[in-house]
Amino acid sequence: MAHVPDDILMAFVDGELSGEECAWLEGLLATDPVLRRRLEPFAVTRAALPIIFDQPMREAVPTRLLDVVNTAGLKPARATPPPIRTYSREPVASEKTLFEKLAEFVMPTGLRFGPAMAYAAVLAVGVGAGWLAGANSSPGEGADQFVIYERGGLTASGKLQEALNTLQTNKVLTVAGADAAFPSIKPTLSFRSMDGGYCRQYEIAGSETQRFAGYACRADGSTWRIAFHTETLGGGTAQISFNDQPKLTVPPLEAAIDRTIEGEQLTADEEAQAISNGWTAGGLNSGRN
Amino acid sequence: MTEEIRTRMVEFLPRLRRFAFALTRNMDAADDLVQDTCERALAKLDQWEPGTKLESWMYRIAQNLWLDRKRSEKSRGPTMDLDEAIGLQGEDGRTVTESRLTLAAVGDGINKLPPDQQVLIAMVCVEGLSYKEAASILDVPIGTVMSRLSRARQTLYAGLAGDETIPATFSQERTYGTRS
């Protein structure tokens, strides 16, 4: 396993590495959950801080400051202040919560940043929690990578992809294994996004104390593009089944879905039809409008 | 010449205010710092080398003034007033509450860092300056920028993740599926 210094990981997040270096590091990150985890401090601070301190970018500059710049050091008789320009590089944002703004980074069609920023966005939404569910986060044999990083974004893989493709909501797929430490996956909601595509929310109960929640949207063909994925604060005891566990409530995740969902969640019939159609957008409008 | 510089300064004001806000975490204090920075810059315009970036020069003046102020305030205790700054965040009560906790938590975390690290957080994470630009403003090697900055971000993140401040933001409305 390669050792990557912290400042190189940070430089990756900050876009300070060359294309070659990025490709090298992406290769390592794809297979090394520990390394991905070490990105978090840098990704979160990079993504969240400009939003937290953006008040000055959303409001007009106070007159007293404009006056200082326009008049200080000038003899009054010669004062011909230049026209006051307002700052227009960024659109004026409406009042949104931090998590709503962060969620915008990871909308299905919103993966418009380079790989480093895609990481940053996903990580930022999961601030304070782990993120990738690679079974037990141990990259050893038999561990199934549920979420993989492919060029351009995070994608459901393996059993997670299978569960999203084939399972009705609240049905559980238990990943076969030699012992009980293997995880279960459960779709918890299906809906259509404002882009017209299908999206599904899911939970993953990992071994020991790990639980994950997120949602993915159908991108093309058989791809489920992860729009949100986070480790949840799943308690301190071993919970490897969903029995007697209420559906997890993860406010940032729900806020993200609220901003994506078009209409209501799919009914069981609509869902069954979508499953049989392979979640293609073609079957979308049947029975609506 | 001077008129052109004034115009550039006016255009730069929103970002300078954001930089100052990230340093002071208080909008009034930030505007005082911006005002002092502009006055100083205009008074000492002859010290600016026209080939170089005006913005970099002003970041440098602002951070020097902030450090001076911080030193002189040390004996009088902290003056951070987050409530006042955060009160401006939004009319919606829920927005204000969430912003308060988040900005407060982050501000608190930054406040615990050494000043030279706070400056780098503001320059790189908030203002998006390159390491090279930050290094040239602060007149330190890039390696120093990187090591200070990575330490700062790890410390800040550990504080945020460790005390669960961010999840607690939502606890009044919904709960996580936490079980004991």
Side-chain angles (χ1 to χ4, degrees), chain A residues 5-7 9-11 14-16 40-42 44-46 48-50 52-57 59 61-62 64-66 68-70 72-74 80-85 87 89 95-99 127-129 211 213 232-237 239 245-252 254, chain B residues 2-3 6-7 9-11 13-15 17-18 20-22 27 30-31 34-35 38-39 42-43 45 85 88-92 94-95 98-99 102-103 106 121-122 124-126 128 130-131 143 146-147 149-150 153-154 156-158 160-161 164 166-167 170 173-180:
Chain A
D6 287 327
D7 52 1
L9 290 171
M10 178 179 77
D14 289 340
E16 296 258 355
E40 284 187 29
F42 310 116
V44 168
T45 46
R46 181 74 190 205
L49 290 185
I52 288 170
F53 291 108
D54 79 339
Q55 184 187 331
M57 307 304 280
E59 62 183 28
V61 174
R64 71 159 159 133
L65 296 180
L66 294 170
V68 167
V69 174
N70 286 326
L74 269 192
T80 50
I84 293 167
R85 299 194 192 176
Y87 195 81
R89 190 172 64 91
E95 298 292 344
K96 291 173 186 158
T97 66
L98 171 64
F99 274 111
V127 61
R211 294 189 81 187
T232 63
L233 308 179
T237 57
Q239 288 287 348
Q245 285 252 13
K247 185 183 167 193
L248 285 173
T249 302
V250 185
E254 307 212 333
Chain B
T2 310
E3 290 311 307
R6 288 184 203 277
T7 306
M9 280 187 188
V10 168
E11 287 173 346
L13 279 177
R15 292 191 60 190
R17 288 183 82 219
R18 181 173 61 180
F21 184 41
M27 213 55 247
D31 283 341
V34 169
Q35 179 166 346
C38 292
E39 282 171 351
L42 285 163
L45 213 47
L88 302 169
Q89 289 274 317
E91 312 83 50
D92 178 311
R94 211 180 111 216
T95 303
E98 285 182 5
S99 302
T102 308
L103 179 54
V106 171
I121 290 269
V124 177
C125 294
V126 178
S130 69
Y131 299 164
M146 290 174 74
S147 59
L149 186 60
S150 81
R153 287 157 82 171
Q154 286 173 318
L156 177 60
Y157 179 81
L160 291 173
E164 296 187 351
I166 286 179
F170 300 93
E173 288 172 33
R174 297 162 169 172
T175 55
Y176 284 84
T178 307
R179 291 169 66 97
S180 53

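Every value quoted in this text rests on a predicted model; they were computed, and no experiment measured them. Sequence lines set the chain letters: A, B, ... in the order given, protein chains first and strands last, and positions in each chain run from 1.
Once rounded to the nearest 0.5 Å, the distance linking CZ of B:R18 with CZ of A:F53 reads 11.0 Å. Going from atom CE of A:M10 over to atom CE of B:M146 covers 5.0 Å, rounded to the nearest 0.5 Å. Note that CE of B:M9 is 4.0 Å distant from CG of B:L42, once rounded to the nearest 0.5 Å. Put simply, OH on B:Y157 and OG1 on A:T45 are 9.5 Å apart, with the number rounded to the nearest 0.5 Å.
No other option in B:L156, B:L149, B:L45 has as many heavy-atom pairs under 4.5 Å with chain A as B:L149. Between chain B and the residues A:P56, A:P50, A:P62, A:A11, the largest count of heavy-atom pairs under 4.5 Å involves A:P56. Top candidate by heavy-atom pairs under 4.5 Å with chain A, chosen from B:L13, B:V126, B:V34, B:D31, is B:D31.
Heavy-atom distances place no part of B:A43 under 4.5 Å from chain A, backbone and side chain included.
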